[in-house]
Student: 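There's a structure below that I have some questions on.
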Number of protein chains: 2
Amino acid sequence: MIDDRKNKVLQAIVEDYVATAEPVGSRTIARKYNLGVSPATIRNEMSDLEDMGYLEQPHTSAGRVPSDLGYRYYVDCLMPARSISPAEHERIRQTFQRKIREVDTLIRETARLLSDTTQLTAVISGPQFEKAVFKEIRLVPLGRDRALLIYITDRGLVENQVVEVPVEVTMLEFQQVAEILNEQLRGHRMDTLPRTVLQALQRELSRYGSLLEQALYFLEQRLEPGERHRLYLGGTTRMLDQPEFRDVEKLRGVLSFLEQEDAVATVIGVDKETEGVEIQIGEEIRLRELADCSIVTATYRLGDEIIGKMGVIGPRRMEYPKVVAILNAIASYVSELNRRF
Amino acid sequence: MIDDRKNKVLQAIVEDYVATAEPVGSRTIARKYNLGVSPATIRNEMSDLEDMGYLEQPHTSAGRVPSDLGYRYYVDCLMPARSISPAEHERIRQTFQRKIREVDTLIRETARLLSDTTQLTAVISGPQFEKAVFKEIRLVPLGRDRALLIYITDRGLVENQVVEVPVEVTMLEFQQVAEILNEQLRGHRMDTLPRTVLQALQRELSRYGSLLEQALYFLEQRLEPGERHRLYLGGTTRMLDQPEFRDVEKLRGVLSFLEQEDAVATVIGVDKETEGVEIQIGEEIRLRELADCSIVTATYRLGDEIIGKMGVIGPRRMEYPKVVAILNAIASYVSELNRRF
DNA sequence: GTTAGCAGTCAACGCCCGAGAGTGCTAACG
DNA sequence: CGTTAGCACTCTCGGGCGTTGACTGCTAAC
C-alpha cells in the first residue's frame with residue numbers, strides 16, 4: 001500500500017516544506033533528494049499520496065503541501081530520532097546552573113529557554129494547588145491586625161496569604177482556629193475537598209469572623225476553574241516570525257487564544273499525566289484558532305512529583321525531530337533538578 | 001501667533017484623525033466641523049500649521065496628519081476635559097466589588113479592566129520590594145528540613161520564600177539567625193541596603209551555613225536590576241486592532257518590546273513618583289520601537305502607600321481625553337480601595 | 001514500471017491607466 | 001488684507017492585462 005519509495009517521497013516533501021515554507025514540486029524532490037528516479041515518477045507518487053490524503057495542493061499549478069494526515073504519518077512513522085546538539089545541550093546546562101530559588105523564576109526561565117531553543121512559543125503550566133493533599137495549616141501573626149496563613153501540602157508545596165485579623169482575636173484563639181482547620185482539612189485533596197466540609201467549618205468557626213472567612217475564601221478561590229492553573233508563556237512574539245501568520249487575522253486568532261489562560265491550559269492537557277512527548281497537529285486540536293498550529297507537550301516533574309506540562313505552540317510546519325528532542329531534554333533536565341520549593 | 005481659528009482647525013484635525021485613521025483634508029474639516037469658513041481658508045491655516053510643525057503630510061496629495069508636536073499641543077492646550085461615562089463607571093465599579101484578596105489578582109484584574117475600557121494595551125507595575133523599609137524578618141520552621149522565611153516591610157508588604165535548612169540547626173539557632181537578621185536589617189531600605197551589611201552578616205553567620213546563605217541570596221536577588229519589577233500586561237493583542245500596526249514589522253517591534261519587562265518598566269517610569277496623569281507621545285519616548293506609540297500613565301497607591309504605575313500603550317492616534325479620564329478614574333479607585341495585603 | 005515530452009493551469013509580477021482626493025497658486029471679491 | 005472660487009497639478013490606489021515561471025497530468029515510447 002505505502003511502499004518504501006512513497007515513504008521517502010513523503011518524508012522529503014515534509015522536510016522540504018518545513019525548511020522552505022513553499023509548496024514543493026516534483027522537480028525539487030528529484031533534484032535535492034536523490035531518490036534515483038525522474039520527476040515524472042515522483043509526480044505519480046505524489047498523485048498517489050494526494051489521493052491517500054497525505055498531501056494537498058494549494059492550487060492546481062502549485063507544488064504539494066503535507067496535510068494533517070501527512071504530518072501525522074511523518075511524526076509517527078518517518079521522523080528520524082534526533083538528539084540535541086552540543087550547542088543546545090550547553091544552552092540548557094547554562095540556564096540551570098544558576099541557582100534558582102523560586103518555582104516562579106524556574107518556570108519563567110524554562111519557558112524562555114524552551115522558546116529560545118525551538119524558536120517557537122513556549123507554554124508551561126505551574127504547580128497545581130488543587131491536586132495537592134493538605135498536610136498542615138499555619139497561622140503566623142504579623143503585627144496586631146494581620147496574620148500570614150500558610151498552607152503546606154504533602155508535596156512540599158507551600159502557599160500563603162496575608163489575612164486581616166479582627167483585633168479581638170487572642171493568641172490562643174489563633175491557635176484554635178489553626179487547629180480546627182488542620183483537623184478538618186488534613187489528608188484531603190484540594191479538588192475533592194467536599195464543599196460540605198467547608199460549610200461545616202464555616203458554621204463551627206463563625207465566631208472567629210473574618211479571619212476564618214478569609215482562610216476559607218482563599219481555599220474556595222483555588223477550587224474555581226480558571227483560577228486553577230498558573231500558566232507561563234515565553235516568546236509569544238515568535239509567532240510573528242512564521243510566514244503562515246503574515247496575515248494579521250490569523251495572527252490575531254492565535255494570539256488572542258494565547259491570552260485565554262484556561263483555554264490554553266485545556267489544550268496542552270495540564271490535567272493529563274501522560275508519559276513522553278505528545279504531538280497534536282492542526283485540526284486534531286479541534287479549535288478553529290489553532291487549525292494551522294501544532295502543539296508538542298511533555299509532562300514534567302520536580303523531584304518526584306508531577307507538576308504539569310511544558311510544551312511549544314507553532315505552525316504545523318515545525319521541525320518535529322528537533323522540537324521533540326529539545327522538549328524531551330528540557331523536561332528531563334527540570335524533572336531531575338530534584339529541588340523543593 | 002496661534003490664533004483661535006488655528007486652534008479650532010488643529011483640534012478638528014487631531015480629533016478627526018483619531019476617529020478615522022485617515023489623513024484629513026481641508027474639505028472634510030469645512031464640512032464636518034462648521035468653522036464658518038471655506039476649505040480654501042482652512043487650506044491656508046493648515047499650511048501655516050504645517051510650517052509651524054504641528055502637522056505633517058504623508059505625501060503631497062494627501063490630507064494632513066498631526067505630528068508629535070501637534071498631539072503635544074493638543075493634549076496640553078486643546079483637549080477637552082472629559083469625565084467617564086456612566087457605562088464606564090459601572091464597569092469599574094463591578095470589577096472591584098468582587099472581593100479580591102491578593103495583590104496579584106487585584107492588579108491582574110485592573111490590567112484587564114484598563115485594557116477593556118480603553119481598547120488599548122494596559123501595563124501595571126506591581127509593588128516594588130526594594131523601596132520598602134524592613135520591619136521584621138520571621139523564620140517559620142516547616143517540617144524538619146525546611147523553613148519559611150518571611151520579610152515584613154513597614155509598608156505592610158509581606159514577601160516570603162521557602163528555604164532549606166541543614167538538619168543540624170536547632171530551634172534555638174533558628175531564633176538566633178532571625179534575631180541577627182532583624183538587628184542588622186531593620187530600618188534599612190532595600191535599595192540603599194549597603195552590600196557591606198550583607199557581607200558582614202554573611203561573615204558573622206557563616207556557621208549557620210546554607211540557611212543564612214539562602215536568606216541573603218533572596219535579598220540580593222531583589223536588588224538586581226531586572227528582578228525589581230513585577231509587570232502586568234493586559235490586552236497585548238489589542239495592538240493588532242490598530243491600523244498603524246497592520247504592518248507585521250512594526251507590530252513585531254512593539255510586541256517584542258513589550259516582552260522585555262525592564263525596558264517597559266523604565267519607559268512607564270515605575271520609579272518616578274509623579275502626580276496626576278503623564279502623557280508621552282511618539283519620539284518623545286526616545287525609542288525606535290515606540291516611535292509610533294503614545295504612553296499614558298498614572299501613579300497609583302494602595303492605602304496610602306505609592307505602589308507603582310498603571311498606564312496604557314497604544315498608537316499615537318488615541319482618544320486622549322477618554323484615556324486620561326478612564327486612567328484617572330481607575331487609578332483613584334484602586335488607590336482608595338484602602339486594603340492591605 | 002519508468003521516463004521524456006508536451007499541453008494546460010494558475011499565481012505572481014510588473015505595467016499602465018483612470019479615478020479620486022487633496023493641495024497650492026492665482027486672481028477676484030468685499 | 002483676509003477670504004474665497006477656480007483650476008491645474010500631484011500622488012495614491014485599484015483594476016485590468018499580458019508575461020513569466022513553476023507546476024501538474026497525460027500520453028506515448030522505452
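Residue numbers begin at 1 in each chain, while the letters A, B, ... track the order of the sequences.
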Student: Under a 3.5 Å cutoff, is there a donor and acceptor pairing between the side chains of Thr236(A) and Glu259(B)?
Tutor: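 Indeed, the side chains of Thr236(A) and Glu259(B) share at least one donor-acceptor pair under 3.5 Å.
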Student: Taking side chain to side chain donor-acceptor pair (under 3.5 Å) as the test, write out the residues that go with Glu244(A), two or more places apart.
Tutor: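 Only Arg317(A) meet the side chain to side chain donor-acceptor pair (under 3.5 Å) criterion with Glu244(A).
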Student: So, taking the atom named CG in Leu255(B) and the one named CZ in Phe245(B), what distance separates them when rounded to the nearest 0.5 Å?
Tutor: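 The distance works out to 8.5 Å.
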Student: Over how many whole Å does the gap from Ile42(A) atom CD1 to dG1(C) atom P extend?
Tutor: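 Rounding to the nearest Å, CD1 of Ile42(A) and P of dG1(C) are 17 Å apart.
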Student: Rounded to whole angstroms, how far apart are CG on Asn44(B) and P on dT23(C)?
Tutor: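 Going from CG in Asn44(B) over to P in dT23(C) covers 11 Å.
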Student: May I ask you to decide whether Arg72(B) forms a salt bridge with Asp76(B), counting only side-chain N to carboxylate O separations under 4.0 Å?
Tutor: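 Looking at Arg72(B) and Asp76(B), the cut-off is met.
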Student: Under 3.5 Å, side-chain donor or acceptor atoms of residues 17-26 of chain B against the rest of the protein: list the pairs with distances, not counting sequence neighbours.
Tutor:
unit_1, atom_1, unit_2, atom_2, d
Thr20(B), OG1, Asp16(B), O, 2.9
Thr20(B), OG1, Glu22(B), N, 3.1
Ser26(B), OG, Arg43(B), NH1, 3.3

Student: If you take any heavy atom closer than 4.0 Å to DNA chain C, which residues from residues 56-64 of chain A end up in contact?
Tutor: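 His59(A), Thr60(A), Ser61(A), in order of number.
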Student: Return the OG1 to CD1 distance between Thr41(B) and Ile29(B), rounded to the nearest 0.5 Å.
Tutor: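 Here the interatomic distance stands at 13.0 Å.
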Student: Looking at Pro80(B) and Pro321(B), what are the two nearest heavy atoms and their distance?
Tutor: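 That closest heavy-atom pairing would be O-CB, 3.7 Å.
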Student: Return the value, rounded to whole Å, for the distance between atom CD1 of Ile29(B) and atom C1' of dT23(C).
Tutor: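 Checked: the CD1 to C1' distance equals 14 Å.
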Student: Say you draw a straight line from CD1 of Ile326(B) to CD1 of Ile92(B); how long is it, rounded to the nearest 0.5 Å?
Tutor: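 Answer for the CD1-CD1 pair, Ile326(B) versus Ile92(B), is 6.5 Å.
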Student: Give the first and the last nucleotide of DNA chain D, reading 5' to 3', that has any atom under 4.0 Å from a heavy atom of chain A.
Tutor: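 Result: dA22(D) to dG25(D).
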Student: Checking the side chain of Thr297(A) only, and the main-chain atoms of Met310(A) only, is there a donor and an acceptor separated by less than 3.5 Å?
Tutor: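 No; zero donor-acceptor contacts below 3.5 Å.
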Student: Report for the helix from dG1(C)-dC30(D) to dG30(C)-dC1(D): angle between first-end and last-end helix axes, five pairs each, rounded to 10 degrees.
Tutor: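 One end's axis against the other's: 20°.
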Student: Given dC6(C), is OP1 or OP2 found less than 4.0 Å from the side-chain N or O atoms of Arg43(A)?
Tutor: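 So the side chain of Arg43(A) is outside the cut-off, no N or O lying under 4.0 Å from OP1 or OP2 of dC6(C).
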Student: Find the distance Arg27(B):CZ to dG20(C):P and express it as a whole number of Å.
Tutor: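 Value for this atom pair: 13 Å.
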Student: Which residues in residues 16-23 of chain A have a heavy atom closer than 4.0 Å to any atom of DNA chain C?
Tutor: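 Contacts with DNA chain C under 4.0 Å: none.
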Student: With no hydrogens and no angle check, just 3.5 Å: does a side-chain donor-acceptor pair link Lys309(B) and Thr274(B)?
Tutor: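 Checked: Lys309(B)/Thr274(B) side chains pair up, N/O donor to acceptor below 3.5 Å.
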Student: How many angstroms lie between atom CD of Glu284(A) and atom CG of Leu69(A), to the nearest 0.5 angstrom?
Tutor: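 Separation between the atoms: 8.5 Å.
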Student: Output the rounded distance in Å from CG (Leu35(A)) to P (dG1(C)).
Tutor: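 About 18 Å, once rounded to whole Å.
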Student: Any donor-acceptor pair under 3.5 Å linking the side-chain atoms of Arg91(A) with those of Thr117(A)?
Tutor: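 Short answer, no.
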Student: Is Thr41(A) close enough to dG1(C) that one of its side-chain N or O atoms is under 4.0 Å from OP1 or OP2 there?
Tutor: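 No, because none of the side-chain N or O atoms of Thr41(A) sits under 4.0 Å from OP1 or OP2 of dG1(C).
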Student: Keeping Ser67(A) on the side-chain end and Tyr54(A) on the backbone end, is there a donor-acceptor pair under 3.5 Å?
Tutor: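 Yes: the side chain of Ser67(A) pairs with the backbone of Tyr54(A).
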